[in-house]
Amino acid sequence: MIEEVEAENLDDAPDVDFPHQDAAPGHVHPRPSPDMDDNPALSKTRRVTVEEVEDEDGMSTYQEEEGEDPWSPFEDKEEWDLAHWLVKNLGQTRTEEFLKLPITQNRSKLSFHNNRSFLQRVDKLPRGPGWTCKKVTVRGNCEDDKGEMLQEDVELWSRDPVECVKELIGNPAFKEHMAYSPAKAYADRAGQHRVIDEMWTADWWGEKQNALPEGATIAPIILSSDKTSLSQFRGDKSAWPVYMSIGNIAKAKRRQASARATVLIGYLPASKLDCFTPDARSLAGYRLFHHCMALLLQPLISAGNDGVEMVCADSWVRRIYPILAAYVADFPEQCLVSCCKENRCPKCLVAANDRGDALNSAMRDPESTKEILHKRKIGQHPPEFEANGLRAVYKPFWADLPHADIFLAFTPDLLHQLHKGVFKDHLVKWCIDIIGEDEIDARFKAIPNYPGLRHFKKGISSVKQWTGCEHKEMQRVFVGLLSGAVPSRVLVVARSILDFSYHAQLHIQTTESLEALQTALTVFHANKDILKELAVREHFNIPKLHQLSHYVQSITLLGAADGFNTELPERLHIDFAKDSYRASNKRDYEEQMALWLQRQEAVFIRSAYLDWLSQQPHSNPHDFDADSDTDSESETPNLPAAEPLQASHVLAKVPAHPHQSVQTIITAHGATEFLPALRSFLLKNLPHNTIVPGLQDRFDLYRQVVIVMPPDLRVSDVPKRRRIRATPEKLPSGRKPGTPAQFDMALIADRPRSSHLHTLEGIFLLSFSAVNFVNSLAAGVRVAQVRAIFTLPHQFGTYSRALAYVEWFTPFKPPDPSSRMRQVSRSTRQLRRNAAVIHVDEIVRPCHLIPRMGQSVDLRLRSGNAYEVANDFYFNEFIDGEMFCACVIK
């Protein structure tokens, strides 16, 4: 369906009403409730049957009583599986070639014989809300050769957002991940320590709920938009997708791109607007954006005012009020949405030159902003227009959206504001200016290896293309790396920024963590002038730095920041923009992209329905985070999920190096005190053993132990798989390069083990009691280097528990005053390394140490030998989120 709409002349912007027709309906339609009258304030809901829910989802054709099998319009399961594979993996040309192959035609006996007949069957599948195209005519301010004003026709491709809300809130796949009302959560029974994670635990939902009729159910709309390039290497094709999700769905599910909890609702015009002069083009782009967004979101106005009956995932019918709650965008897009200049804050009224100061400026107000823009439109010149840094966009798309405050809707942008902005573009650059590229490269090269940690073998100055992953990897070692190289106050600045970054990324926030977040920012502002004194900065009027001052308010209103990161829209660009563009012929590609996406969605819906029909789970609930490095480990078994509150230690079924001599352990593993340590262990744990270990004995050695740790819900909702390696150096052989030795550091329980597997006693779990892990470190765990993992041979008797030879480090010393990182050194006894043999299940988890490098790094120091050359180390609490929570969060 194509609808033509004429836009106003975007140069002088007269007040023009635009004709608008409803978009083509999708396959989901509201079902009238017989036991509810027309009063939207009534709090009645009703339960619907499975058959009705199927009908709401457009699945009634699958009901068995109608005599059609679930594979229709395909013949059987095998044909459906092939169709699913063709749609997901082959384009139309390749599909045609495949179906024309003699072996396909002669043996497969398919019900479709070419690509056209195949797509006809795909188009019979149920699909989501339909697409419409609205043509917008933009009249510019340039004249053509005939003296007439130039104009340009652009297209807005859109889907009804209300219908998309119906699809999301009624999707049975989200039933266990859905909330319909606000709630406040606390970490204690007394209600003194508030917990904020999901949107329904924050303040916005509760405040809006009080403003609506009794019994109303809010669907908090989460929008995101971001212009992206489509063509590679050549061409200038671009698309401007708009995505939508709802805050009723848990953020862990929303973050999964494969779950389809965030849907595409439109493509905005990405025109260059050549019909305008260069000086007018920017403002024209602002106005066109708002005009098209107003057309796109028009259905939300009546739905937000009156509510719409929808069948929810739990089969209850509720009156849903879709209300714009959050807008996920980078800084330029936020300025575009808020109608302000890019040298101003899109959320508050801070002056253009005061953004570097720790100020509490008044927030922008939608009503006063609309009034100022209206006065400007009718020819008045209110001083607030310039004072507030507004652009002359007289009809913002959010002006008529009910119950919405667009300025409070902007969420923290962890990717662009923190990782790329304040950290990489500013903090790293400041430190390079102070100590130089060569020194900082040498320090990165000297960072010891750790499983899953990226090692910058050539430093960071040679990296040409950065991603959010590289920024996060640098943050894991940056504070320890700087210690000794920069003045103490610069180190305090760096530590405060990293503290802020790690606190802001928490999946679950508390009153205490939000106070710590604000404290980190306060410490930064208190010490930032050192950078002026060192002539590194002249001012701190940095937009992304100022945005950090709004994080606490945003989290309190809308929930933890991890639910609104711009990384998800950038990931969705691959599925909803780039892949769909590649499937087109690159001419008039928007329509082809919409059709391709419609077919992909139809296949996804059918596949999800078949999964639901067969009661097959969509995913393994115990899938692990990709938290290990990419090295394949042939000895690593399929790991079991950790039981609640308990960690599992897993060894390979077959040792990688069986029957190794003691001499090999001493020389290849550097276990110089192996025999004395083993004798002491046997004397303590096997007192009745009469055999004294010697050089003649042989042991089975393992390359690593994998600790499957229960999730710390503050940073992850899945178990973590932590590796501790004890692998000797492997020399080059032929064309195969050698590998350096890897003897990892670990935290070892420094007290008797209980009868169960050693756990972290609530420290790394969802426990918000005031546990001081620093004290626990000093009292309960100790750092050691694991040099060998082995089992006792049979001559010593039956002993089922695996063992590890470790070399101890000293107990934790007081933290460094500037970096606040605790320090350890190698422990010696009678001028020899202090070593012991312990049970493998006494290992709590791996840890990471950073050598104390001083003002300039020792040139002998390398990643492979750092643990051997250096003697004094910093305990790295930034190595992962769990360690940071355990060490820093009280």
Notebook entry, point to check: Which is it for Thr262 and Arg255 under the side chain to side chain donor-acceptor pair (under 3.5 Å) test, yes or no, and what are the steps along the way?
Noted result: CA-CA 8 Å; Thr262 299; Arg255 288 197 303 266; over 6 Å; no

Next item on the list: Show your reasoning for whether side chain to side chain donor-acceptor pair (under 3.5 Å) applies to Glu207 and Trp205.
Entry: CA-CA 5 Å; Glu207 294 172 1; Trp205 198 330; over 6 Å; no

Notebook entry, point to check: Stepwise, does the salt bridge (Lys or Arg N to Asp or Glu O under 4.0 Å) test hold for Glu567 with Arg571?
Noted result: CA-CA 6 Å; Glu567 290 185 33; Arg571 166 62 183 84; over 6 Å; no

Notebook entry, point to check: Which is it for Ser225 and Tyr327 under the side chain to side chain donor-acceptor pair (under 3.5 Å) test, yes or no, and what are the steps along the way?
Noted result: CA-CA 8 Å; Ser225 60; Tyr327 202 113; 2.6 Å; yes

Check: Could you go step by step and tell me if Ser229 and Lys237 meet the side chain to side chain donor-acceptor pair (under 3.5 Å) rule?
Finding: CA-CA 6 Å; Ser229 175; Lys237 306 295 185 182; over 6 Å; no

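The shortest distance between side-chain heavy atoms of Ile323 and Leu212 falls below 4.5 Å. Taking 4.5 Å as the limit, every side-chain heavy atom of Ser224 sits out of range of all side-chain heavy atoms of Val242. Contact check for Cys133 versus Leu156: no side-chain heavy atoms found under the 4.5 Å cut-off.
Every residue two or more places apart in sequence or in another chain that forms a side chain to side chain donor-acceptor pair (under 3.5 Å) with Asp279 is listed here: Thr277. Qualifying side chain to side chain donor-acceptor pair (under 3.5 Å) partners for His84, counting only residues two or more places apart in sequence or in other chains: none.
Ring geometry, Tyr243 versus His573: the interplanar angle falls from 30° to 60°, so the pair is classed tilted. Ring orientation note: the planes of Phe289 and Phe397 are nearly perpendicular, at an angle over 60° on the 30°/60° scale. The aromatic rings of Phe407 and Trp398 stand perpendicular to each other, their planes meeting at an angle above 60°, with 30° marking the opposite boundary.
Put simply, the side chain of Asn305 gets close to the backbone of Ile301: a donor and an acceptor are under 3.5 Å apart. Of the possible donor and acceptor atoms, one in the side chain of Asn171 sits under 3.5 Å from a partner among the backbone N and O of Ala173. Proximity of a side-chain donor or acceptor of Arg254 to a complementary backbone N or O of Leu568 within less than 3.5 Å is not detected. Between the side chain of Asn541 and the main chain of Arg355, a donor-acceptor pair closer than 3.5 Å is present.
Remark: Arg376 is positioned above the aromatic ring of Phe385, its terminal NZ or CZ atom under 6.0 angstrom from the ring centre and at most 45 degrees off the axis.
No more than 12 heavy atoms of other residues, nucleotides or ligands lie within 6.0 Å of NZ in Lys420, so this atom counts as exposed by the packing criterion. Heavy atoms from other residues, nucleotides or ligands lying under 6.0 Å from NE2 of His403 number more than 12. Open room surrounds NZ on Lys124; 12 or fewer heavy atoms of other groups in view lie less than 6.0 Å from it.
Not less than 6.0 angstrom separates the ring centroid of His291 from the ring centroid of Tyr286.
When each of Asp226, Thr411, Asp413 is paired with Thr566, the side-chain hydrogen bond (donor to acceptor under 3.5 Å, both in side chains) condition holds for Asp413 and for no other.
Between Arg281 atom CZ and Cys275 atom SG the span is 8.5 Å, to the nearest 0.5 Å.
Listed by first and then second residue, the salt bridge (charged side-chain N to carboxylate O under 4.0 Å, His left out) pairs involving residues 258-275 are Asp236-Lys272 (not counting sequence neighbours).
Looking at Lys341 and Glu386, a side-chain N of the basic residue comes within less than 4.0 Å of a carboxylate O on the acidic one, giving a salt bridge. Between Arg159 and Glu601 there is a salt bridge, with a side-chain nitrogen of the basic residue lying less than 4.0 Å from a carboxylate oxygen of the acidic one.
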